[in-house]
Amino acid sequence: MVDLKIDLNGLELKNPVMTASGTFGYGEEFMDFFDISRLGGVMVKGTTLEHREGNAYPRMAETPQGMLNAVGLQNKGVHYFAEHIYPRIKDYGTHMFVNVSGSKIEDYIKTAEVVNDLEHIPGIELNISCPNVKEGGMAFGTSCPSAVAVVEAVRKVYKKHLMVKLSPNVTNIAEIGAAVEGAGADSISLINTLLGMAIDAKTRKPILSTITGGLSGPAVKPIALRMVWQVAQAVKVPIVGMGGIMNTTDAIEFMLAGASAIQVGTANFIDPCVTDKIVVGLEQYCQENGFSKVSDLIGAMEV
Amino acid sequence: MKKYIDDFKVIKNERLNYEYVILTLQHPGQMPEMMPGQFVEVRVDNGPNTFLRRPISIHDVDMEANTMKLLVQEIGDGTRLMGQLKEGDNCNLVYPLGNSFSLPEKKRVLLVGGGCGIAPLLYMGRHLVANGIEPQFLLGARTQEGLIAMDAFSELGQLYTTTEDGSHGTKGFVIHHPVMRTQSPEIDQIYTCGPEAMMKVVAKYAKNHGIKCEVSLENHMACGFGACLCCVADTLDGHKCTCTDGPVFDSTYLKW
Ligand SMILES: Cc1cc2nc3c(=O)[nH]c(=O)nc-3n(C[C@H](O)[C@H](O)[C@H](O)COP(=O)(O)OP(=O)(O)OC[C@H]3O[C@@H](n4cnc5c(N)ncnc54)[C@H](O)[C@@H]3O)c2cc1C
Ligand SMILES: Cc1cc2nc3c(=O)[nH]c(=O)nc-3n(C[C@H](O)[C@H](O)[C@H](O)COP(=O)(O)O)c2cc1C
Ligand code: FES
């Protein structure tokens, strides 16, 4: 028996496999395909203080081994979430985390306060890295002072597990990682999408309504892996790695680079059962390679 | 409706012309029920340019044989690879997805299609016949060669055609056909699927004549089952997912 449990700075996950925000709905969309209580955690959609309609269609462009999205945080707002969605999802048998987004520090604080009162939500992921909203969003995550300001402000009002999600659209990600750790993050997740764009040569027009969007999928994996490794060197808090994870091998690579847990995003669209397969695959890998605990893989890259 | 993910077997790949094929896919066991207007998400090959699944309408269903048919127009890498599938190949589907066409309140029904948009109309036609309604079809193409699967449609009901070059049926677009020109049309309900420009004029015609009209949209999708919010249509109630709230919408509900 392999021990799959992960200690995320005091919060126990039954295994390291989580889903990434914006790619797994509220979990319900996947229930026909597998039992989502088998997951280590589910990160629900980006949630903001107010209702947001998101960006205009087209919001998606397929690119080589990846995709660009410009959804723009479409959601009904945190109050709607607390009233209508939370009661439905609170007993799913896995940790349901809320991805908190905003444009102003004030909004992040108010949203986090609402989620803090939801008993069965063990933590939030502070999204200071969304490339798809006009103001705020990613801007917070691209400089140390603004990242620190928003994390410190939320830390004051949010009493449970505070995960902070970093943007890869920066020059020195390790520096930002260290700064948000100092500001009170319990864990750090990365990467959010990379800013990219696509043009249709036939029509000579941009494909996305917003012109630029966020790149995800296998195309970003080497960059994500490098960033996870760099941040792992710079901080002590656990890291949740993501970016292009399609299968067990990818997940193991992120753990070897220093991630305590992983999130799977775009791959859910192609194989809705992929996260369940990774849970099984991790156990198999540990068995075959003589690891009694999956946590022994964390940072175990041999150089 | 419960969604599934299964490997189907290709049992037939019938080439209709230079750009269209009909794939017949065999379910590994007892195929679940599917409704007309619903679609499947096809796993292509995970090559560099065919990373995401491709949404394709359910063209026809045979519950006794546990098979379904897909009508595929080859317009890019993904659909071209589907066109090359051979007998015995596997084809992985997530299905059945989306809502479906509704049954009409009255009996006089016209189904209007163009391009690969004719695909869901065959299964809808079969469903109508099974419910005692004789459908009329109006199908348009650029040329005679583009008019495909005509026999299957004409078996189910009256078939009208238009071609842009006049090589078959009425010359022009579907909207130029006599059934859509009369000032007092004998139609209670229209179902349409095809290029957006075509659906818009059909929807406008329906509105002007007080005819109920359902349109089936082909928005670009990443997941096909409500997880990504990439496929939204602009509706009276704001953004709605084409893959779960659609692909079929009442035309007056869309902000067109
Ligand atoms: C609900 C629905 C039902 C459909 N039914 C059929 C059908 O029965 N038969 C058929 O031939 N086609 C159908 N289509 C269109 C079909 O999905 C596209 O032609 C196909 O995805 C193109 O892929 P490609 O790799 O060949 O082309 P490419 O242009 O190389 O594709 C690039 C990307 O754009 C997307 N894309 C391009 N064109 C379309 C389009 N028209 N609609 C949606 N996504 C597109 C692709 O999925 C891919 O992600 C349907 C689309 C939808 C949304
Ligand atoms: C359609 C889509 C929507 C997303 N929405 C969010 C979001 O609301 N909040 C967020 O923090 N990240 C969001 N992301 C980013 C993912 O959570 C993840 O960081 C990124 O996609 C990289 O992982 P992947 O390559 O496994 O997809 C979104 C990604 C996609 C593809
Ligand atoms: S395609 Fe993902 S929500 Fe519709």
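Numbers restart at 1 for each chain; the letters A, B, ... are given by sequence-line order, proteins then strands.
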> Quick one: what part of B/Asn219 sits under 4.5 Å from any heavy atom of chain A, side chain, backbone, both or neither?
Replying inline: both
> Non-hydrogen atoms of chain A under 4.5 Å away: do they reach the side chain of B/Val232, the backbone, both or neither?
Replying inline: both
>> If we define contacts as heavy-atom pairs under 4.5 Å, which of A/Cys273, A/Gly217, A/Gly66 has the most with chain B?
In response: A/Gly66
>> If you count heavy-atom pairs within less than 4.5 Å of chain A, which of B/His220, B/Arg53, B/Lys3 leads?
In response: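 The answer is B/Lys3.
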> Top residue by heavy-atom pair count (under 4.5 Å) with chain A, among B/Ala222, B/Cys228, B/Ala227?
Replying inline: B/Ala227
Do the charged groups of [X] and [Y] touch, with an N to O distance under 4.0 Å?
X	Y	value
A/Arg52	A/Glu50	no
B/Arg15	B/Glu74	yes
A/Glu62	B/Arg54	yes

> Measuring heavy-atom distances to chain B, does A/Thr266 have an atom under 4.5 Å in its side chain, in its backbone, in both, or in neither?
Replying inline: side chain
>> Is A/Phe30 close to chain B through its backbone or its side chain, or both, or neither, when contacts mean heavy atoms under 4.5 Å?
In response: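 Contact with chain B: side chain only.
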Provide the closest heavy-atom pair for [X] versus [Y] in the form atom of the first, atom of the second, distance.
X	Y	answer
A/Met67	B/Cys230	CE-SG, 4.0 Å
A/Ser21	A/Lys45	OG-C, 3.6 Å
B/Ile5	A/Pro272	CD1-CD, 3.8 Å

